[in-house]
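The structure appears below as structure tokens.
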Number of protein chains: 2
Amino acid sequence: MAAKRGYRDAEQGRAQERLRAGAELAGFAKALGHPARVEIVRFLLARDSCMCGDLVDHLPLAQSTVSQHLRILKEAGLIQGAIDGPRVCYCVAPRALARFQGLVADLRPGPGLADRECEA
Amino acid sequence: MAAKRGYRDAEQGRAQERLRAGAELAGFAKALGHPARVEIVRFLLARDSCMCGDLVDHLPLAQSTVSQHLRILKEAGLIQGAIDGPRVCYCVAPRALARFQGLVADLRPGPGLADRECEA
DNA sequence: CCCTTCTATCGTTAATTCACGATAGACGAT
DNA sequence: ATCGTCTATCGTGAATTAACGATAGAAGGG
């Protein structure tokens with residue numbers, strides 16, 4: 001009984017974890033679901049670090065819009081910012097990016113289902 | 001001159017390709033930017049194939065909503081559907097998924113910038 | 001103190017998203 | 001033909017998103 005309950009709890013835990021991982025993936029994906037935000041992440045990956053103003057120069061958007069996009073990426077955990085005088089210095093959060101990449105890589109067919117394709 | 005122009009064209013082509021890849025990534029990400037759509041893709045990956053009705057049973061959403069989510073995933077190219085009598089049989093589009101995974105995996109720091117993190 | 005730089009936030013507007021119920025149309029069975 | 005199953009589409013309403021200009025507040029310099 002107690003062992004069976006333990007088994008149920010473990011199963012419940014896995015289902016919860018799966019649900020959480022799904023929501024996490026959706027959250028990251030949503031944050032990257034806009035071209036400007038993709039470009040921001042790539043820009044940040046390509047250089048040491050950068051300021052909001054650098055991005056404003058780089059993207060064809062108003063400063064306030066860029067700031068909003070930065071906020072979305074930050075809330076999704078994909079980037080982080082360090083205050084530097086009157087400026088903020090942004091960079092990608094490596095662990096969160098790796099987590100996202102892992103979640104995406106985990107989208108794989110189940111056992112025995114590789115390369116199946118329905119007749120379209 | 002002609003050689004220089006060819007060089008410019010190649011560079012232009014690369015910039016265009018980069019822009020296209022960015023938009024492509026954003027498109028895929030946007031399609032997966034909702035928990036129900038993540039769950040749909042996972043469900044399809046876990047089984048041979050499935051019908052809209054199977055998903056309606058699986059998700060806590062109305063049939064019309066499920067159908068709309070399927071449409072979004074289909075328009076993003078991540079899934080495809082084959083008509084089967086009065087039903088439609090859906091499955092994941094393996095090449096599009098692999099493309100998405102490749103684009104995500106390509107989000108990497110530039111040369112000499114590995115594991116950099118700003119002081120947050 | 002004033003001025004400049006820098007960025008986040010606010011408010012606004014228009015467009016898009018997301019959920020639902022109703023329904024049309026395709027298909028198969030009788 | 002009718003009926004049932006199945007799904008896409010339509011219309012609706014509420015919430016969210018994405019763009020912008022204006023502005024407040026932080027920080028630094030003279």
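The chains referred to below are lettered A, B, ... by the order of the sequence lines, with proteins before strands, and numbering in each begins at 1.
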For this session: Output all residues satisfying side-chain contact (heavy atoms from CB on, under 4.5 Å) with B:Thr65, sequence neighbours left out; order by chain, then residue number.
Result: B:Leu61, B:Ala62, B:His69

For this session: List in chain and number order the residues that pass side-chain contact (heavy atoms from CB on, under 4.5 Å) with B:Glu75, two or more places apart in sequence or in another chain; answer none if no residue qualifies.
Result: B:Arg71

For this session: Would you check if the side chain of B:Asp54 reaches a backbone N or O of B:Met51 as a donor-acceptor pair within less than 3.5 Å?
Result: yes

Less than 3.5 Å apart, which donor and acceptor atoms pair up between the side chains of residues 101-113 of chain A and the rest of the protein, not counting sequence neighbours?
residue, atom, partner, partner atom, Å
A:Gln101, NE2, B:Val104, O, 2.9
A:Gln101, NE2, B:Leu107, O, 2.9
A:Arg108, NE, A:Ala105, O, 3.4

Seminar exercise, completed: Given protein heavy atoms under 4.0 Å, the one-letter contact record of nucleotides 13-22 of chain C, with B base, S sugar-phosphate only and - none, is simply ----SSBBBB

Which atom pairs, donor and acceptor, lie under 3.5 Å between side-chain atoms of residues 11-36 of chain B and protein residues at least two apart or in another chain?
residue, atom, partner, partner atom, Å
B:Glu11, OE2, B:Tyr7, OH, 3.4
B:Arg18, NH2, A:Glu39, OE2, 3.3
B:Glu24, OE1, B:Arg99, NE, 2.9
B:Glu24, OE1, B:Arg99, NH2, 2.7
B:Glu24, OE2, B:Arg99, NE, 3.3
B:His34, ND1, B:Ala36, N, 3.0

For this session: Measure the distance from CE on B:Met51 to C1' on C:dA26 and round it to the nearest whole Å.
Result: 15 Å

Exercise. In terms of hydrophobic clusters joined by side-chain contacts under 4.5 Å, are B:Leu59 and B:Ile79 together?
Worked result: yes

Seminar exercise, completed: The salt bridge (Lys or Arg N to Asp or Glu O under 4.0 Å) partners of B:Asp84 (sequence neighbours excluded) come to none

For this session: Not counting sequence neighbours, which residues clear salt bridge (Lys or Arg N to Asp or Glu O under 4.0 Å) with B:Arg37? List them please.
Result: none

Exercise. Taking atom C1' of D:dA8 as reference, at what distance in whole Å does atom CG of B:Leu70 sit?
Worked result: 10 Å

Problem set entry | Whole-Å gap separating C1' (C:dT7) and CD1 (A:Ile79) | 13 Å

For nucleotides 25-30 of chain D, print each protein N/O atom paired with a nucleotide N/O atom at under 3.5 Å, atom names and distance only.
none

